[in-house]
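Presented below is the structure to which this report refers.
This one's a predicted model, so the numbers in the text were calculated from it and none came from an experiment. All residue numbers refer to positions in the sequence shown, counting from 1.
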Amino acid sequence: MTVRGMLKTAIVATIGFAGVAQAEETVVWWDFLGGGDGVRMKKMIEDFNTAHSGAIKIDATTLEWGTPFYAKVQTSAAVGEAPDIMTYHASRIPLAVKQGVLQELTADDWTAMGLSSADFAPATWDAVTMEGKQYAVPLDTHPIVLYYNKDLLEKAGMLDETGKPKGLDSRDGFTATLQALKDSGVKFPLGSVTADGNFMFRTIYSLMGQQNGALMTDGEFLAGDNGAKLANALGVLADWTKAGLQSTYTDYPATVALFTSGEAAMMINGVWEVPTMTDLNAQGKLFNWGAVELPVIFDKPATYADSHAFAIPANQGKEMPAAKRAAVLEVMSWMSKNSLFWATAGHIPANGAVVASPDYIAMEPNATYSSLTANMIFDPKSPLAGVAGPIFDVMSTYFVPTLNGEMDPAEAVESIKEELNAL
């Protein structure tokens, strides 16, 4: 039976005895989506409500991103006052499962939604899975990418015949590209958020993954040669800073400003900055630009990613009626299958059919960097991991001084390893 069929059957069963022919099911929704993400999701909610007028209505509230959101979800679920559906980061699922905050999505639920593992990239599906059970429907993957100024690269002779930066296939090649940009007079060949270790975790974890490194193995942090792989990753970035190839002590807004002003020829940042570039370009305020998968500095492609997903809270002492659950499943299914508009925020839709559609393939630079879904790596499955989690906090303390040349990479790794394992 389809989700719509389930919904209709459940509603009729619930209210038919009262002699009411139709009832609109209200789905209470919480999200943490601000800025361009928030604008786009509000439009998707509006479109959903229009398409389901008289049957389902989403009643949405946007809360503060990060720790405040997850703390509110936990306390609300404990007293049965959490919403019917909420956005969730895939990286936070291990902690949520441990806390008993999320309901499992059963095989029947997936059948009702008309979705399955075949609709998602293996890494994305695995990211919402704990011990063989699924706890969320992925909406997207939002990795980091390399933004680049085509005009500055062309001037330095570092743009290849396909319009991409040269040297994306090796450390020596990419370093040579950075040096050529510097020699051509560019102030900062690469803009990086070197004043925020939490953000730089994304880049550093990607470079670990390029060495087949793992942050956690069988519950132990940086076991075996993984500490050396972390030191290698830190060393590359520290070397670029020392050579004047990367911006120093740069916070997030300053990094974006360096790139959009043309002071930095390239920038490592999240795909969520694509709308910034698109809007400036449309206003005639930006150079020719592009975005591609991160360069392969070590052995193979690997890029850190997380996913925005939809989950159902486990409201204690409050069982969700059949009609409500059917409505929630319809919301999840519709959002997944109609996520092309969400891609205009820069995110890569998690639904494979959307990514394979002609409209997405024509969407640039999104379609160019969407190939990285084959090389994505997610956070380790630990209650300590995830957005605004303890792992981020510990590592960021040492990342900033190391990247800015004030601490030796090997020394930083020893301190990180000791503190992480103490957690």
(Q) Please check this pair: side chain of Ser261 against backbone of Leu258, looking for a donor-acceptor N/O pair closer than 3.5 Å. (A) yes

Q | Modelled atom types, side-chain donor and acceptor of Asn315 and Glu81, under 3.5 Å | A | no

Q: Give a yes or no on this: more than 12 heavy atoms of other residues, nucleotides or ligands lie within 6.0 Å of atom CD of Glu131.
A: no

Q. Okay, side chain of Asn226, backbone of Ala214: is any donor-acceptor separation there less than 3.5 Å?
A. yes

Q.
Show every salt bridge (Lys or Arg N to Asp or Glu O under 4.0 Å) that has at least one partner inside residues 291-318, sequence neighbours left out.
A. none

(Q) To the nearest 0.5 Å, what is the distance between CD on Glu330 and CD1 on Ile58? (A) 9.5 Å

**Q.** Beyond-backbone contact of Pro165 with Met158, side-chain heavy atoms, under 4.5 angstrom
**A.** no

Q. Taking all atoms of both residues into account, what is the closest heavy-atom pair of Ser336 and Val137, and its distance?
A. CB-CG1, 4.4 Å

(Q) Contact between Met277 and Thr260 at the side-chain level, heavy atoms closer than 4.5 Å - yes or no? (A) yes

Q. Under the 3.5 angstrom rule, does the side chain of Thr194 hit a backbone N or O of Ser247 as a donor-acceptor pair?
A. yes

Q. Rounded to the nearest 0.5 Å, how far does CG of Leu146 lie from NZ of Lys164?
A. 11.5 Å

**Q.** From Asn232 atom CG to Ile204 atom CD1, the distance as rounded to the nearest 0.5 Å
**A.** 12.5 Å

Q. Which residues satisfy the side chain to side chain donor-acceptor pair (under 3.5 Å) test with Lys242, sequence neighbours excluded?
A. none

Please table the atom pairs, donor to acceptor, closer than 3.5 Å between any side-chain atom in residues 37-44 and protein atoms at least two apart or in another chain.
from	atom 1	to	atom 2	distance (Å)
Asp37	OD1	His347	NE2	2.9
Asp37	OD2	His347	NE2	3.2
Arg40	NE	Thr344	O	3.4
Arg40	NE	Thr344	OG1	2.8
Arg40	NH1	Gly36	O	3.2
Arg40	NH2	Thr344	O	3.4
Lys43	NZ	Asp47	OD1	2.8
Lys43	NZ	Asp47	OD2	3.0

Q: Indicate whether the side chain of Tyr398 and that of Glu419 have a donor and an acceptor atom separated by less than 3.5 Å.
A: yes

Q) Any luck finding a side-chain donor-acceptor pair between Trp342 and Asp140 under 3.5 Å? A) yes

(Q) Within the 4.5 Å heavy-atom criterion, are Met267 and Thr255 side-chain neighbours or not? (A) yes

Q: Please step through salt bridge (charged side-chain N to carboxylate O under 4.0 Å, His left out) for the pair Asp84 and Arg325, ending with a clear verdict.
A: CA-CA 8 Å; Asp84 301 316; Arg325 191 173 189 89; over 6 Å; no

Q: Report yes if some heavy atom in the side chain of Leu237 is under 4.5 Å from a heavy atom in the side chain of Leu207; otherwise report no.
A: yes

Q. Between Met332 and Ile312, is any pair of side-chain heavy atoms under 4.5 Å apart?
A. yes

Q.
Please identify which of these residues, Leu178, Leu152, Val186, meets the side chain to side chain contact (heavy atoms under 4.5 Å, CB included) condition with Met266.
A. Leu178

Q | By ring pair (Phe, Tyr, Trp, His ring centres under 6.0 Å) - contacts of Phe199 (at least two apart) | A | Tyr252

Q: May I ask you to decide if Asn49's main-chain N or O and Ser53's side chain share a donor-acceptor pair within less than 3.5 Å?
A: no

Q) Does any donor atom in the side chain of Asn404 or Thr248 lie under 3.5 Å from an acceptor atom in the other side chain? A) no

Q: Please check if any side-chain donor atom of Asn351 sits under 3.5 Å from a side-chain acceptor atom of Asp119, or the reverse.
A: no

Q: May I ask you to test the Ser307-Phe378 pair for a side-chain heavy-atom distance under 4.5 Å?
A: yes

Q. Is there side-chain contact between Phe341 and Asn338, with heavy atoms separated by less than 4.5 Å?
A. no

Q. To the nearest 0.5 Å, how far apart are OH in Tyr369 and OG1 in Thr303?
A. 12.0 Å

Q) Residues two or more places apart in sequence or in another chain: which of them pass side chain to side chain contact (heavy atoms under 4.5 Å, CB included) with Thr75? A) none

Q | N/O donor-acceptor pair under 3.5 Å between Asp126 side chain and Pro122 backbone | A | no

Q) Is atom NZ of Lys57 surrounded by more than 12 heavy atoms (other residues, nucleotides or ligands) closer than 6.0 Å? A) no

Q | Verdict with reasoning, Lys324 to Glu25, per salt bridge (charged side-chain N to carboxylate O under 4.0 Å, His left out) | A | CA-CA 7 Å; Lys324 181 78 72 178; Glu25 191 72 40; 3.3 Å; yes

(Q) Show, in sequence, the C-alpha distance, side-chain angles and deciding distance for Tyr147 and Val292, and conclude whether the side-chain contact (heavy atoms from CB on, under 4.5 Å) test is met. (A) CA-CA 7 Å; Tyr147 293 84; Val292 292; over 6 Å; no

**Q.** Straight-line distance of Asn288 CG to Asn149 CG, nearest 0.5 Å
**A.** 8.0 Å

Q) Do you know which of Tyr70, Trp30, Tyr135, Trp65 makes ring-ring contact (aromatic ring centres under 6.0 Å, His included) with Tyr88? A) Tyr70

Q) Can you list every ring pair (Phe, Tyr, Trp, His ring centres under 6.0 Å) pair that touches residues 216-244, not counting sequence neighbours? A) Phe174-Trp240

Q) Does NZ in Lys381 sit with more than 12 non-hydrogen atoms of other residues, nucleotides or ligands closer than 6.0 Å? A) yes

Q. Tyr304 vs Tyr205 aromatic rings, parallel, tilted or perpendicular, using cut-offs 30° and 60°?
A. perpendicular

Q) Do you know the tightest heavy-atom contact between Pro313 and Ala82? A) CB-CB, 3.6 Å

Q) What class does the angle between the rings of His89 and His308 fall in, given that below 30° is parallel, 30 to 60° is tilted and above 60° is perpendicular? A) tilted

(Q) Checking side-chain polar atoms at under 3.5 Å, does Lys133 have a donor or acceptor matched by the opposite partner on Thr129? (A) no

Q: Starting from the C-alpha separation in whole Å, work towards a yes-or-no answer on salt bridge (charged side-chain N to carboxylate O under 4.0 Å, His left out) for Asp379 and Arg92.
A: CA-CA 9 Å; Asp379 291 82; Arg92 296 279 304 204; over 6 Å; no

Q. Is it the case that Thr276 and Glu273 place a side-chain donor and acceptor less than 3.5 Å from each other?
A. yes

Q) Can you tell me how far the OG atom of Ser339 sits from the CD1 atom of Ile348, to the nearest 0.5 Å? A) 11.5 Å

Q) Which heavy atom of Ala264 sits nearest a heavy atom of Gly191, and at what distance? A) CB-N, 4.0 Å

Q | Min side-chain heavy-atom separation Leu329-Trp334 under 4.5 Å | A | no

Q: Please answer whether the main-chain N or O of Val128 pairs with a side-chain N or O of Gln134 as donor and acceptor at a distance below 3.5 Å.
A: no

Q: Determine whether the aromatic ring centres of Trp29 and Phe310 lie less than 6.0 Å apart.
A: yes

Q.
If I compare all heavy atoms of Pro94 with all of Ala90, which pair ends up nearest, and what's the gap?
A. CD-O, 3.9 Å

Q) Are Glu406 and Tyr249 close enough that a side-chain donor and a side-chain acceptor fall under 3.5 Å? A) yes

Q: List the atom of Val331, the atom of Phe48, and the distance in Å for their closest heavy-atom pair.
A: CG2-CZ, 3.5 Å

**Q.** Gln210 and Ser206 side chains, donor-acceptor separation under 3.5 Å
**A.** no

